[in-house]
**Q** 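There's a structure below that I have some questions on.
Just so we're clear, the structure is a prediction, and the values are computed from it rather than from any experiment. When reading the values below, keep in mind they use all heavy atoms of this one structure, side chains included, and skip hydrogens, waters and symmetry mates.
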Amino acid sequence: MAKYTVVSMPGDGIGKVVLPEAVRVLDAVGFDADYVHAEIGWERWINDGNPLPQATLDLLKRHKLGLFGAITSKPKGEAAKELRPELRDKGFVYYSPIVGLRQAFNLDVCIRPCRSFPGNPLNFIRQKAGGGFEEPKVDVAVFRQNTEGLYAGIEWTDPPQQVRDALATHPKFKAFEHVRSADLAISTRVFTRNACRRIVEAAFRYAKRHGYHSVTVCEKPNVLRETSGMMEEVAKQVHKDYAEIQLWSTNIDAQMMWLTKNPEDYSVIVAGNMFGDIVSDAFAGLVGGLGFACSANIGDEVAVFEPTHGSAPKYEKLDPPIVNPIAMILSAAMMLDHIAETDKAKAVRDAIASVVKEGKVRTYDMMRIPGGPDSISKGAATTTQVTDAIIARLG
Ligand code: NAI
Ligand code: MG
């Protein structure tokens, strides 16, 4: 029997393309694991009315480690129309199974590293004052609270009277009192002190372990005084145990401007669910975009590793496949880090760095050409060729 069992959840679209590529790399680096397949996503939704089967939850509960590809999500109404006819109008409501997974196992700490690989033609460059260009080194890890905030799912259109009554206890609700319930949509932003503490502590621990000089809380406490305010307050308390690390605070809007001005100044960033999602995509854009954006969702017992890109349905049927497997492979490397297979994680990242630097084997995104059936004839490598090149460098 292998040392580890990993639950493999390819999901939909290109999730089914990139996940097996990551497994090939894990095998090649000598990671001793068996993989059990688990279903998640659109097929399960249209056939069973539930995109996250109990069997998948059971497997994760048992084996603790998961690799996830991507799923296809659609708005509520559209999703309902695609249910198989027998299930329609039976009260099934679509929800995102990856958000469901994070909540089911309290995978509340999301880590999204955004590091530039030297030689990546997609790296951010900046014009110098005196002419010419420079390429700042980006080395950021975003810690995103993964279960609460605006993504907790506590929301209404046409809210029940009790909700209106509760809101009416707040003086600011006066401005909305005249609005008919049918014309009122409310999404709540719930923060808890415990979850704030867990994400902030995880960020500081990471900064200390990896020798980063600062942790930046990226919220909006001047406006969102209660929720962002709580995150800031907790950060100040936790900081007392980490005197060697500076605590910075930025507002999400200003951060989005500064990150193209001086991205090299930031290291660990911590934010609530929505702002963490935004700021991590923005930093990912400086280091190669979706083809390079990896992530970990970590709870006390279970951890799931996934690229942050979606299922890219327009590419799923292309044969040979053309999408970049690096985000998925980097996510698998994060899994190796998580279980202290640090040397193997480093070997995988070094191999990726070497392939990127050499620049001979590049998927279409790294060539800045449109993706499509003819990108191969324009010189782009296939998904498989990129993985093969990475495996060849594992040494
Ligand atoms: P997407 O991430 O699937 O694709 C956006 C564009 O990015 C693609 O058209 C493609 O040009 C590019 N891209 C994405 N991954 C790439 C890769 N590995 N290599 C090269 N290029 C890549 O986002 P989109 O189109 O907004 O959503 C498609 C579906 O995915 C939707 O149903 C959406 O709900 C879902 N989605 C799922 C996520 C998840 O499973 N965690 C995250 C984001 C979207
Ligand atoms: Mg996102």
Side-chain angles (χ1 to χ4, degrees), residues 18 21-22 25 28-29 111-142 206-207 209-214 216 258-269 279-296 305 307-309 322-334 336-337 342-369 379-383 385-395:
V18 293
E21 299 296 300
V25 174
V29 80
I111 313 175
R112 295 183 163 186
C114 304
R115 300 199 175 98
S116 44
F117 286 104
N120 186 350
L122 302 177
N123 285 344
F124 170 70
I125 55 166
R126 160 177 79 195
Q127 200 161 2
K128 292 203 280 189
F133 293 89
E134 60 191 344
E135 188 179 305
K137 186 169 182 293
V138 179
D139 182 357
V140 160
V142 176
Y206 186 94
R209 184 163 1 110
H210 296 278
Y212 288 109
H213 61 87
S214 69
T216 303
W258 287 331
L259 64 77
T260 49
K261 204 160 163 249
N262 56 339
E264 67 273 43
D265 289 350
Y266 299 97
S267 38
V268 175
I269 297 213
V279 79
S280 61
D281 267 15
F283 272 107
L286 306 180
V287 300
L290 290 174
F292 287 83
C294 56
S295 77
F305 302 84
T308 64
H309 62 70
I322 62 158
V323 291
N324 192 343
I326 289 178
M328 183 77 235
I329 296 170
L330 285 171
S331 305
M334 292 186 80
L336 294 174
D337 276 329
T342 326
D343 293 347
K344 292 187 174 65
K346 183 172 181 313
V348 171
R349 278 192 278 264
D350 288 351
I352 293 171
S354 164
V355 170
V356 171
K357 190 166 187 181
E358 193 187 53
K360 285 196 184 145
V361 186
R362 289 175 167 167
T363 41
Y364 79 90
D365 53 322
M366 295 175 75
M367 297 184 66
R368 292 190 184 281
I369 59 173
T382 65
T383 307
Q385 285 168 336
V386 170
T387 312
D388 288 343
I390 292 166
I391 289 172
R393 297 302 164 87
L394 280 173

**Q** Among side-chain atoms of D139 and Y212, is any donor-acceptor pair under 3.5 angstrom?
**A**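 Yes.
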**Q** Measuring from atom CG of D281 to atom CZ of R112, what distance do you get when rounded to the nearest 0.5 angstrom?
**A**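 Nearest 0.5 Å value for the CG-CZ distance: 6.5 Å.
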**Q** If the condition is salt bridge (charged side-chain N to carboxylate O under 4.0 Å, His left out), which residues does D343 pass it with, not counting sequence neighbours?
**A**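 In terms of salt bridge (charged side-chain N to carboxylate O under 4.0 Å, His left out), with neighbours along the sequence ignored, D343 is linked to no residue.
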**Q** Taking side chain to side chain contact (heavy atoms under 4.5 Å, CB included) as the test, write out the residues that go with I369, two or more places apart.
**A**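 For I369, the residues satisfying side chain to side chain contact (heavy atoms under 4.5 Å, CB included) (neighbours in sequence not counted) are Y364, M367, S375, K378, A380.
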**Q** Does S214 have any side chain to side chain contact (heavy atoms under 4.5 Å, CB included) partners at least two apart in sequence or in another chain, and if so, which?
**A**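 If we apply the side chain to side chain contact (heavy atoms under 4.5 Å, CB included) test to S214, skipping adjacent residues, the hits are T216, Q246, W248, S267.
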**Q** Strictly distance-based, threshold 3.5 Å: is any side-chain N or O of S116 a donor or acceptor partner for the main-chain N or O of V138?
**A**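 Indeed, once roles are kept as given, a pair shorter than 3.5 Å links the two residues.
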**Q** Run the ring-ring contact (aromatic ring centres under 6.0 Å, His included) test against F283 and tell me which residues pass, sequence neighbours left out.
**A**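 With neighbours one apart ignored, the set is empty.
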**Q** Are any non-hydrogen side-chain atoms of K346 and D350 less than 4.5 angstrom apart?
**A**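 They are in contact (side-chain heavy atoms under 4.5 Å apart), so the answer is yes.
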**Q** Going by the rule side chain to side chain contact (heavy atoms under 4.5 Å, CB included), which residues pair with A353 if we only count those two or more places apart in sequence or in a different chain?
**A**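 Only F117 meet the side chain to side chain contact (heavy atoms under 4.5 Å, CB included) criterion with A353.
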**Q** Side chains of R393 and E358: does their closest heavy-atom pair fall under 4.5 Å?
**A**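 Yes, side chains in contact.
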**Q** Check salt bridge (charged side-chain N to carboxylate O under 4.0 Å, His left out) between D365 and all other residues, then give those that pass, not counting sequence neighbours.
**A**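 Partners of D365 by the salt bridge (charged side-chain N to carboxylate O under 4.0 Å, His left out) criterion come out as none, since no residue qualifies.
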**Q** Does a salt bridge link D337 with R349, judged by any charged N lying under 4.0 Å from a carboxylate O?
**A**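 Yes, this pair counts.
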**Q** Can you list everything that forms a side chain to side chain donor-acceptor pair (under 3.5 Å) with N120? Sequence neighbours excluded, please.
**A**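 Side chain to side chain donor-acceptor pair (under 3.5 Å) list for N120, sorted by chain: empty.
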**Q** Could you pull out all residues at least two apart from K357 that satisfy salt bridge (charged side-chain N to carboxylate O under 4.0 Å, His left out)?
**A**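 K357 satisfies salt bridge (charged side-chain N to carboxylate O under 4.0 Å, His left out) with no other residue.
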**Q** What distance separates I390 CD1 from I329 CD1, expressed to the nearest 0.5 Å?
**A**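 Reported value, rounded in 0.5 Å steps: 4.0 Å.
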**Q** Evaluate the side-chain proximity of P121 to R362: yes if any heavy-atom separation is below 4.5 Å, no if none is.
**A**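 Yes; the side chains approach each other to less than 4.5 Å.
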**Q** Under the rule for side chain to side chain contact (heavy atoms under 4.5 Å, CB included), what residues qualify as partners of E134, not counting sequence neighbours?
**A**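 E134 satisfies side chain to side chain contact (heavy atoms under 4.5 Å, CB included) with R126, K128 only.
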**Q** What is the distance from atom OG1 of T342 to atom CG of L336, rounded to the nearest 0.5 Å?
**A**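 Taking OG1 in T342 and CG in L336, the distance rounds to 9.0 Å.
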**Q** Treating S295 as the side-chain partner and I111 as the backbone partner, does any N or O pair qualify as donor plus acceptor under 3.5 Å?
**A**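 No, because the side chain of S295 does not come within donor-acceptor range (under 3.5 Å) of the backbone of I111.
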**Q** Does any non-hydrogen side-chain atom of V279 lie less than 4.5 Å from one of I269?
**A**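 When only atoms from C-beta onward are counted, V279 and I269 do touch, with a gap below 4.5 Å.
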**Q** Test of understanding: with ring-ring contact (aromatic ring centres under 6.0 Å, His included), list the residues that count as partners of Y206, not counting sequence neighbours.
**A**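 With sequence neighbours excluded, Y206 shows a ring-ring contact (aromatic ring centres under 6.0 Å, His included) to F143, H210, given in chain and number order.
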